[in-house]
2 protein chains.
Amino acid sequence: MSLVVVGSVGLDDIQTPLGSVQSALGGSAVYASMAARNFTTPHIIGVVGSDFPSQHIQMLNSHGINLEGFQVKEGSTFRWSGKYEDLNHAISLLTDLGVFGEFDPLIPQNCLCCRSLLLGNIHPALQLKVLQQINSYHFVGCDTMNYWITGEKHLLAEVLKKVDIIFMNEAEVKQFTGQKDIFGAAEDLLKLGAKIIVVKRGEYGAVAIGEDFYFFAPAYPVRKVIDPTGAGDCFAGGFMGYLATQDQLCRQTVKNAVLYGTVMAAINVSAFSIKNLIGIDRELVDANYNQLLSWI
Amino acid sequence: MSLVVVGSVGLDDIQTPLGSVQSALGGSAVYASMAARNFTTPHIIGVVGSDFPSQHIQMLNSHGINLEGFQVKEGSTFRWSGKYEDLNHAISLLTDLGVFGEFDPLIPQNCLCCRSLLLGNIHPALQLKVLQQINSYHFVGCDTMNYWITGEKHLLAEVLKKVDIIFMNEAEVKQFTGQKDIFGAAEDLLKLGAKIIVVKRGEYGAVAIGEDFYFFAPAYPVRKVIDPTGAGDCFAGGFMGYLATQDQLCRQTVKNAVLYGTVMAAINVSAFSIKNLIGIDRELVDANYNQLLSWI
């Protein structure tokens, strides 16, 4: 029932119209794991520098996140600084990779038989390297971004051929396939071999597209978005975390996974950094899930 | 079980990326009635000039649309010419009101006890004039557009206070209320007295917002949009046509009405003018409704 999450772990400076934080815990693997832990045991595969505050390690541990694949290297932790003038677009002000620039994702022996794998948004070459280490995962999901579609499309295509679920936003599926609509784009992506394409549409929700079904989910209405950072990671983490507890990739399972991903993203964007993901439990998540279900 | 539809009847020249038509039958009352006829008997209250082709009258009649409130006046029929460079925005090239400029909507005696009323997108003063003639309608819906919000906001507010259902798109609810999100905007509109606000979001579907519920509907995926003209009118016509057959404005009824409106809009945009609304029947509409229902 466990989930391996490969991705970045970092410290973020974030400005939004509603405030700012400095050196806040972030990174795709952190957001995804903090969302997934409500469903299963996440194992973070990531790297930080020797400057990484120990209280973050303690917090992750105390929230049931397995850190056997968490590397601490001499040097500085990945840092990102960004601001949002409107809440739909992040403007990167600074990206300092630090030890993440030499990240070598190694899956610990006891994770080689984990249930599921989420390849967070990292270089496709690293995603491929992870895929080469595993052989018997039940479900593999992959996140990515426009940067890799532009710069590493061929490598990314190699990754996408080997995964079950692809997470992309509308612009990304169109950019990757050259199609004008998401349905045509999803058909092309399904032909690569993936079983489910999840197209994220921001405030308009998400669409999961399989070989023989669609599922349209609304976004959870958040009246006051504080910080959108990590929304996509929390979506993927909630989706894959729920999926790790399931046997079949059928429409009903995918529907639930999309709704849980949606709920986790909404909880996350209602506060800075991962603040809202701390201390919550499955009961609260399920209450929001049932609320969302009542609106469709 | 009948529905009175007040609105424009016109002849349209339309160019889209996929072709063009000249002097095609159009107008909000025509689109809405051709959608509503699948559920109930629509009565068009409208006006055309003496140049209006008689075959259109025959077509409307043969499709079960009551024309007792259909006025034919000396002069020219309302003409609109527009083009779409992308399919989300119409560019008006010409608007010639003709006899529609003097439209005086009179509800025939036998329509004063019709079940429901759809106030199509016309001058709010005319919408008010219609409302003054009726007294016992079960459900009243109102469509409008940014033009009236900009130019006749006070009059439009008078209309909105007297109706049950308001149809607006996202930009319109925000413009009318000054709110930044559709949920805050809908709260303001509900305070005016309406029971349901239907916020149309184009390719992202629609949200119906009541005092104590939301319903989020996706758009019906149309792989090849040929002509978006009349999509909003068909949505409102399908919604109000279905509603005219129902007793209660509860969540389940509103959900069905939104889905039927969505289906009618999708059928309409798959061909020029009203071409796809001709000759279809409830069986086809219900098949599409069930398909849409299976995707949420």
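Computed over heavy atoms, backbone and side chain alike; hydrogens, waters and symmetry mates excluded. In what follows, every chain begins at residue 1, and chains take the letters A, B, ... in the order their sequences are listed.
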Salt-bridge contact Asp181(A)-Lys224(B) (side-chain N to carboxylate O under 4.0 Å) = no
Salt bridge between Asp188(A) and Lys174(A), side-chain N to carboxylate O under 4.0 Å?
->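 A salt bridge is absent here (no side-chain N lies under 4.0 Å from a carboxylate O).
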I would like to know whether Glu85(A) and Lys83(A) meet salt bridge (Lys or Arg N to Asp or Glu O under 4.0 Å); could you show each step before the answer?
-> CA-CA 7 Å; Glu85(A) 285 173 0; Lys83(A) 70 172 179 180; 3.3 Å; yes
Have Ser81(A) and Gln22(A) got a donor and an acceptor in their side chains that come within less than 3.5 Å?
-> no
Donor + acceptor pair across side chains of Trp148(B), Asn121(B) (<3.5 Å) = yes
What residues of residues 265-289 of chain A sit under 4.5 Å from chain B when you count only heavy atoms?
->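 Within residues 265-289 of chain A, near chain B: nothing under 4.5 Å.
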By a 4.5 Å heavy-atom criterion (distance strictly below it), what part of Gln179(B) contacts chain A: side chain, backbone, both, or neither?
-> neither
With only heavy atoms counted, which part of [X] is less than 4.5 Å from chain B, the side chain, the backbone, both or neither?
X: Ala217(A); result: neither
X: Lys255(A); result: side chain
X: Gln291(A); result: neither

Is the closest side-chain heavy-atom distance between Val140(B) and Met240(B) below 4.5 Å?
-> no
Between Ala219(A), Gly184(A), Pro221(A), the one whose heavy-atom pairs under 4.5 Å with chain B are most numerous |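 Of Ala219(A), Gly184(A), Pro221(A), Pro221(A) has the most heavy-atom pairs under 4.5 Å with chain B.
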Taking the side chain from Thr253(A) and the backbone from Leu249(A), do they hold a donor-acceptor pair closer than 3.5 Å?
->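 Judged by distance alone, no pair lies under 3.5 Å.
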Under 3.5 Å, sequence neighbours excluded: what are the donor-acceptor pairs made by side chains of residues 198-211 of chain B?
from      : atom 1 : to        : atom 2 : distance (Å)
Tyr204(B) : OH     : Glu170(A) : OE1    : 2.7
Tyr204(B) : OH     : Glu170(A) : OE2    : 3.2

